Protein chains: 2
Amino acid sequence: MLPEEKDTINQLTKAPIESLNLHSITVVTNLYRAAQGLRNKMEREVLAKHGLSWTSFSILYDLWIWESVETKKLALSAGVSKATISNITNTLERKELCFRKVDNRDRRITCVVLTNKGRKVMEELYPRFHEGEVEVVSSLSVEEQKLISGLLRRVIRENDF
Amino acid sequence: MLPEEKDTINQLTKAPIESLNLHSITVVTNLYRAAQGLRNKMEREVLAKHGLSWTSFSILYDLWIWESVETKKLALSAGVSKATISNITNTLERKELCFRKVDNRDRRITCVVLTNKGRKVMEELYPRFHEGEVEVVSSLSVEEQKLISGLLRRVIRENDF
DNA sequence: TCATAATCGTTAGCATTGAAACGATAGTAA
DNA sequence: TTACTATCGTTTCAATGCTAACGATTATGA
């Protein structure tokens, strides 16, 4: 929050400024803005070539690493609902980047598997994605990168994100 | 990235592990996970009562602070496209929380203005939202909050986010 | 065994999101 | 004035995303 906004907030909420934790507001604002910018940059500069969204890419990444992943675990990993995973899986199947496979031991469970075409896309895309990752945080030293990762991880753990 | 994934990546990309900047990967992963968790928590625990999304709320917040804001500035502030602002404005108008007003000096420009009903919603919602903000970062000390804000701000500045 | 509960993925319905195309308006130059 | 260009917001269309309801499958317990 900008300093000049304090009085505005104070006036609008009719609450004393002391009751607002400005540091928390700043962290949350900067955290979301950085993440939003990161996503937009990656989708625009890297993923658009293959018509993939950030979430689609993160799902392909999981499949690339683990070969076969349950729908529920994909949702947990990407932080989206299982309905979203179902929709995105449909799109990825249409592009022949993955396919569904029902678990034989528990027929309620559906696994998603990467196709060879999907693997090729990731082999081309991941290096470019990684370049973007490096670029985004290049203004921070390695020590600062370790520091911010540790702080973010504590927020994640403490909130079960 | 988990340590045991290094070899997997190394094998899949056919690239030496030295060419992967693991610190950058960790920062990006934790940054997006924290932001995603933050958004989901707020939409679920605070905004769902009024059927508002994170972006809808951030637009209402801007209107609350600035009274009247151009469509383009709303898009820049929220980090979404102007088409999204147009759609969300339609929804907010339907809920009678804001209305459009064409600029008289430049009829290409449309300003969005908060209604009294919209102001009442914000007066009720913002304190709850702020509680969530405080809660999310409560595991960090004030010094750590200043630290992470500074680091995030540098990322934002350096990338023009 | 059989009824009940729990879990899983999909579907339906609606809001959000962005790229591209589009009309309307304003600015610029001949 | 008259083109040409630039800017702005909306519309179109497809994909993403969530909640709730649903059907199918498995687990539990009497």
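Treat the numbers as computed from the prediction; the structure is a model and nothing was measured. Naming convention: chains lettered A, B, ... in sequence-line order (proteins, then strands); numbering from 1 in each chain.
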task: Identify the residue among V112(B), L63(B), V113(B) that makes a side-chain contact (heavy atoms from CB on, under 4.5 Å) with S68(B).
output: V113(B)
field: Nucleotides bounding contact with chain B, strand DNA chain D, heavy-atom threshold 4.0 Å
entry: dA6(D) to dT11(D)
task: Using side-chain contact (heavy atoms from CB on, under 4.5 Å) as the criterion, list what pairs up with Q36(B), not counting sequence neighbours.
output: V80(A), Y32(B), N40(B)
message: Applying side-chain contact (heavy atoms from CB on, under 4.5 Å), can you list everything that pairs with T91(B), at least two apart in sequence or on another chain?
response: R94(B), K95(B)
message: Reading DNA chain D from 5' onward, which residue's closest nucleotide shows up sooner: S81(A) or K82(B)?
response: K82(B)
5'-most by nearest nucleotide on DNA chain D - S56(A) or R44(B): S56(A)
- prompt: What pairs with F129(A) under ring-ring contact (aromatic ring centres under 6.0 Å, His included), at least two apart in sequence or on another chain?
  reply: W54(A), F57(A)
- prompt: Can you list the other members of the hydrophobic cluster that holds V102(B), where links are side-chain heavy atoms under 4.5 angstrom apart?
  reply: none
Who are the salt bridge (Lys or Arg N to Asp or Glu O under 4.0 Å) partners of [X], not counting sequence neighbours?
| X | answer |
| --- | --- |
| E124(A) | R128(A) |
| R100(B) | E93(B) |
| R105(A) | D103(A) |

- prompt: Does E43(A) or T110(A) map to a spot on DNA chain C nearer the 5' end, using the closest nucleotide for each?
  reply: T110(A)
statement: Quick note, side-chain hydrogen bond (donor to acceptor under 3.5 Å, both in side chains) partners involving residues 148-161 of chain B, not counting sequence neighbours, are E144(A)-R154(B)
- request: Give the first and the last nucleotide of DNA chain C, reading 5' to 3', that has any atom under 4.0 Å from a heavy atom of chain A.
  value: dA6(C) to dT11(C)
task: For DNA chain C, determine which residues of residues 86-103 of chain A have any heavy atom closer than 4.0 angstrom to one of its atoms, and list them numerically.
output: S86(A), R100(A)
Output side-chain donor-acceptor pairs under 3.5 Å for residues 70-78 of chain A, partner residues at least two apart or in another chain, one line each.
{"unit_1": "T71(A)", "atom_1": "OG1", "unit_2": "T110(A)", "atom_2": "O", "d": "3.4"}
{"unit_1": "S77(A)", "atom_1": "OG", "unit_2": "D62(A)", "atom_2": "OD2", "d": "2.7"}

